[in-house]
Amino acid sequence: MERVQKIISNSGYASRRKAEELIKEGRVLINGKVAILGDKVSSNDIITIDNEIITRNNGNYKYFLLNKPRGVVTTTKDDKGRKTVVDLIDSNVNVYPVGRLDYDTTGTLLLTNDGNLCNKLIHPKNNIEKVYLAKIKGFLSKENMEKLQKGVIIDNYKTSPCKVKQKSYDKKTNTALVMVTIHEGRNHQVKKMFASVGILVDKLTRLSFAGLNVKNLKSGEYRELTKKEVNVLYSLVK
Ligand code: URA
């Protein structure tokens, strides 16, 4: 028997704290009855959140690294019926994305059914490194580069110091490629950071996440992580 909030967080549906909130809000049912914080459940009990059945992974964990193409939503289900990142993975277990990439962002995305690791990788306290390559309109002045590096205000929040480097500038198209290394993962963070200094991001790709990259994968391709890679991820969130 395990506490219901633990099962919810292990399933990857929500963090432990969020699971507790959902229970308090009466949105979690055990066999059709409203759950109470601390309720214990067995493997036969059916847990639902907002009428969606929580699937348990029983220790059968899968970890996939996807080279996310443009035009795919980073979610498990889309209200508008658009293709999701999960649709690209052929797996006998239900995996979900670790964090989020925008519809038009491409590159490195991890998917798993290991809720515990997923919650830790996306928790800001673990400072997981994400490296992005942004194609911007115009070029990055030294002044704007320093502003971005020191931290800018987006959504009433100051971003943490980060690395920003202009890799190239194309005079013909008046665009530049800029590499940005951050340890946060706020919604549309990179685009908003550039927007705060008046720069538009034309294309965005994530080169790496937690040290993993998709250099050997074509757009839309994926592979399973090795045991060693999974161990490294665990060591990053200890
Ligand atoms: N920052 C963004 O603006 N978009 C992404 O998809 C990821 C990071």
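In what follows, residues are counted from 1 in the order of the sequence shown. For ligands, and for the atoms within them, numbers begin at 1 and follow the listed sequence. Scope of the values below: all heavy atoms of this structure, side chains included, with no hydrogens, waters or symmetry mates.
Taking 4.0 Å as the cut-off between side-chain N and carboxylate O, E21 and R17 do not count as a salt-bridged pair. Taking 4.0 Å as the cut-off between side-chain N and carboxylate O, D39 and K33 do not count as a salt-bridged pair.
Short contacts between ligand 1 and Y132, defined as distances under 4.0 Å to a heavy atom of the residue, involve ligand atoms 7 (C), 8 (C). With ligand atoms numbered from 1 in the order given, ligand 1 contributes 1 (N), 2 (C), 3 (O), 4 (N), 5 (C) to contacts under 4.0 Å with heavy atoms of L204.
Of the N and O atoms on the side chains of Y63 and N113, not one donor lies less than 3.5 Å from an acceptor on the other residue. No side-chain donor-acceptor contact under 3.5 Å links D78 and Y103.
An N or O contact shorter than 3.5 Å links K191 to ligand 1 by distance. Any N or O atom pair closer than 3.5 Å counts here, and H188 shares at least one such pair with ligand 1.
When hydrogens are left out, the protein atom nearest atom 1 (N) of ligand 1 is V190 N, 3.1 Å; that is the closest non-hydrogen contact. Annotation: atom 4 (N) of ligand 1 to nearest protein heavy atom, D102 OD2, 2.8 Å.
Neither the backbone nor the side chain of V201 has a heavy atom within less than 4.0 Å of ligand 1. When heavy-atom distances to ligand 1 are checked against a 4.0 Å cut-off, T105 comes that close only through its side chain, counted from C-beta outward.
Of the inter-residue distances, the one linking I30 atom CD1 with K40 atom NZ reads 12.0 Å to the nearest 0.5 angstrom.
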Practice prompt. Please lay out, stage by stage, how T205 and T106 fare under the test side-chain hydrogen bond (donor to acceptor under 3.5 Å, both in side chains).
Written response: CA-CA 5 Å; T205 187; T106 59; 2.9 Å; yes
